[in-house]
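Contents: one structure, followed by commentary.
One-based numbering, in listed order, for ligands and for the atoms of each. Scope of the values below: all heavy atoms of this structure, side chains included, with no hydrogens, waters or symmetry mates.
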Amino acid sequence: MCGIFGYVGKRPKISSVILNGLKKLEYRGYDSWGISVKNKGILEVEKHTGKIENARIRLPGSNLGIGHTRWATHGKVTTANAHPHLDCTGKIALVHNGIIENFQELKRVLAGKGHIFQSETDTEVAVHLIEEYVKKDGFAISVRQAFQKLKGLNAIVACYAPSAEIVAAKNGSPLIVGVGRNEFFIASDATGIVDNTKKVVFLNDHQMAILGMTLKIIQLKNGKQIKPQVTLLDWKFEKAKKGKFKHFLLKEIHEQPKVIEHIAYNHSSYVKQLAKLVNVAFGTFMVGCGTASYAALAGTYLFSSVAKKHVNFTIGSEFNYLEDYLTPDSLIVAFSQSGETIDVIEPVSNAKRRGAKIAVVVNTLGSTLYRQADYKFLLGAGPEKAVVATKSFIAKIALLILTAHELSDKQSEGKKLLVGAAKNVVEILKKRYVEKIQALAKELKNVKHIYLIGRGLSYVSCLEAALKIKETSYTHAEGFAGGELKHGAIALIEKGTPCIVFAPNDETYEAIASNAQELKARGGFIVGIGPRDNSVFDRFFKTANLKHATMIPQIVIAQLLAYHLAISKGISDPDKPRNLAKSVTVR
Ligand code: F6R
């Protein structure tokens with residue numbers, strides 16, 4: 001959430017370097033953006049609302065500057081609220097990622113001292129605080145003093161007109177320094193840097209970095225300088241291009257058969273290791289947020305049903321409040337595409353402090369969670385550019401299906417199911433099948449609400465499908481356990497209300513078909529998804545019969561429906577839905 005990029009070195013026109021860096025980081029937030037460069041001892045600033053896309057920058061040449069792409073937390077999406085923010089003198093510019101939890105208190109004190117605020121953001125207090133300290137001390141010391149006054153999980157990067165240095169500090173939100181030849185970069189993550197250099201220093205919490213002629217890393221608590229640990233990123237950053245597809249979202253949906261096969265054929269040893277960890281743990285806790293949380297929840301059903309193994313599930317943002325019983329024998333399995341979701345990182349760090357073992361299933365090498373983990377499992381789904389998660393979810397489900405089967409000594413059976421799922425998804429992605437989904441999307445384009453029901457693993461499918469529909473097409477969709485509707489939500493069903501029913505050919509089939517009848521009796525328009533048709537369905541989307549892996553084609557159908565619903569509704573950029581960001585780094 002929010003992308004930071006900074007540069008200091010010898011290049012003469014760095015605003016375009018910063019702009020390119022911000023473009024790479026735009027998935028972290030795309031409400032507004034801005035850059036500040038130092039030119040002839042003065043800080044120049046340019047800020048805009050909206051996405052960066054084809055922006056051209058008007059700033060003058062410079063060899064030091066900072067930039068930011070914003071996901072609004074405090075204050076509306078306006079140019080004034082876009083970063084960088086300046087102090088009252090216009091000599092300090094600052095960009096920020098995180099939330100300054102005590103900003104109101106700090107703002108009151110600073111306003112009392114005569115500081116004038118130009119924005120509604122929490123961020124601006126940080127730059128005025130530095131301004132206070134810089135009256136008496138050097139720039140870097142002032143940044144350190146100011147940062148120590150901020151409560152919450154934050155990263156700041158600042159520059160000062162009389163100084164040839166960029167100063168950064170972090171606690172919680174990520175920051176990485178790129179080390180070039182006579183030049184340094186700083187960014188929220190490596191994707192912003194790797195085009196320029198593969199040598200990086202991962203800044204740890206409670207550290208600050210001073211980037212100038214040299215790089216200094218300093219412990220915030222005692223001000224002691226420590227030797228920078230340079231890591232060579234030998235990872236290949238696959239270039240994500242849309243190719244023949246209009247949107248990354250559609251491209252990534254189409255990549256799923258390959259992703260499933262990749263996991264089926266290459267993840268056998270990962271799966272063995274994960275299964276072993278679960279087997280020896282005294283209490284396993286699956287954690288994730290949003291779509292990743294649904295993968296974690298699916299894990300509980302899969303492990304119970306396939307492996308007769310109990311594991312716990314919690315969403316990341318609630319896990320902090322449920323950690324009292326963790327012991328060194330507990331195992332946390334954290335799921336995250338980005339590896340940067342603060343609602344997962346924070347409780348996982350707490351669990352680690354309690355001695356629990358940390359396994360992470362992530363898609364991003366070198367991410368914060370990846371570095372924090374005792375056991376690392378990479379999905380290998382390739383870069384996921386669309387904000388709406390698709391292939392990373394299917395990858396997690398595939399890995400969990402294999403692991404559940406490994407836990408009951410039947411990995412090859414799990415593999416067969418995955419290979420079958422990959423084949424079925426290929427069929428679903430064919431023109432004729434997609435046309436049927438497009439036709440349904442057209443039928444549903446004016447509806448206000450869609451309800452989805454399923455039981456067991458299909459309950460998880462409908463939660464994930466509802467999220468896809470909501471965030472991609474802005475249509476209200478809600479997933480329910482089939483048995484739960486009659487306890488209240490059925491009151492919402494009226495004539496023509498679309499109800500999607502996930503009906504795999506398993507022990508849930510008869511019961512979910514009865515639930516569908518209950519909906520139909522109240523006027524519901526019933527769409528069935530699964531291997532077996534039923535007279536209750538008004539529309540039916542057939543999948544292969546793949547036991548637990550039936551979930552995979554069911555979800556792919558829902559992803560396509562969400563995408564085509566968005567297109568039918570005239571939503572121009574389904575890759576970047578409003579109000580969202582790919583990487584959620586605030587709590
Ligand atoms: C939904 C979506 C989000 C993410 C969630 C966690 O399509 O993408 O719900 O799943 O923000 O993100 P990661 O997996 O990066 O931790």
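- Taking each of Leu249, Thr364, Thr341 in turn, the one with a heavy atom nearest to atom 13 (P) of ligand 1 proves to be Thr341.
- Distance from atom 1 (C) of ligand 1 to its nearest protein heavy atom, with residue and atom name: Glu471 OE2, 3.0 Å.
- Counting only heavy atoms of the protein, atom 6 (C) of ligand 1 lies nearest to Cys289 O, 3.3 Å.
- Using a cut-off of 4.0 Å between Lys/Arg side-chain N and Asp/Glu carboxylate O, Lys272 and Glu406 are scored as not salt-bridged.
- Just one residue in the list Lys391, Lys582, Lys251 forms a salt bridge (Lys or Arg N to Asp or Glu O under 4.0 Å) with Glu384, and that residue is Lys582.
- For the pair Glu255 and Lys258, the salt-bridge criterion is not met [side-chain N within less than 4.0 Å of a carboxylate O].
- Note: no N/O pair closer than 3.5 Å links Leu467 and ligand 1 by distance alone.
- Using a 4.0 Å cut-off to heavy atoms of Gly290, the atoms of ligand 1 that qualify are 9 (O).
- For the salt bridge (Lys or Arg N to Asp or Glu O under 4.0 Å) test, no residue two or more places apart in sequence or in another chain qualifies with Arg455.
- Close approach to Ala292 involves these atoms of ligand 1, each under 4.0 Å from a residue heavy atom: 10 (O), 14 (O).
- Ranking the protein heavy atoms by distance from atom 15 (O) of ligand 1 puts Ser338 OG, 2.6 Å first.
- Closest protein heavy atom to atom 14 (O) of ligand 1: Gln337 N, 2.6 Å.
- Below 4.0 Å from some heavy atom of Ser336 lie the following atoms of ligand 1, by number and element: 13 (P), 14 (O), 15 (O), 16 (O).
- Looking at atom 11 (O) of ligand 1, its nearest protein heavy atom turns out to be Val584 CG2, 3.8 Å.
- Side-chain N/O atoms of Gln559 and Gln256 include a donor and acceptor closer than 3.5 Å.
- Within the 4.0 Å heavy-atom cutoff, Val388 counts among the residues contacting ligand 1.
- Heavy-atom contacts of Val387 reach the following atoms of ligand 1: 8 (O) (cutoff under 4.0 Å).
- Among all protein heavy atoms, the one lying closest to atom 3 (C) of ligand 1 is Thr291 N, 4.0 Å.
- Of all atoms in ligand 1, listed by their number and element, those nearer than 4.0 Å to a heavy atom of Lys468 are 1 (C), 7 (O).
- Residues satisfying the salt bridge (Lys or Arg N to Asp or Glu O under 4.0 Å) test with Glu26, not counting sequence neighbours, are Lys576.
- Remark: of the listed residues Lys448, Lys569, Lys470, Lys569 is the sole one forming a side-chain hydrogen bond (donor to acceptor under 3.5 Å, both in side chains) with Thr475.
- Side-chain atoms of Asn320 and Asn350 form a donor-acceptor pair, as typed in the model, at a separation below 3.5 Å.
- From Lys415, atom NZ reaches atom CD of Glu261 across 11.0 Å, with rounding to the nearest 0.5 Å.
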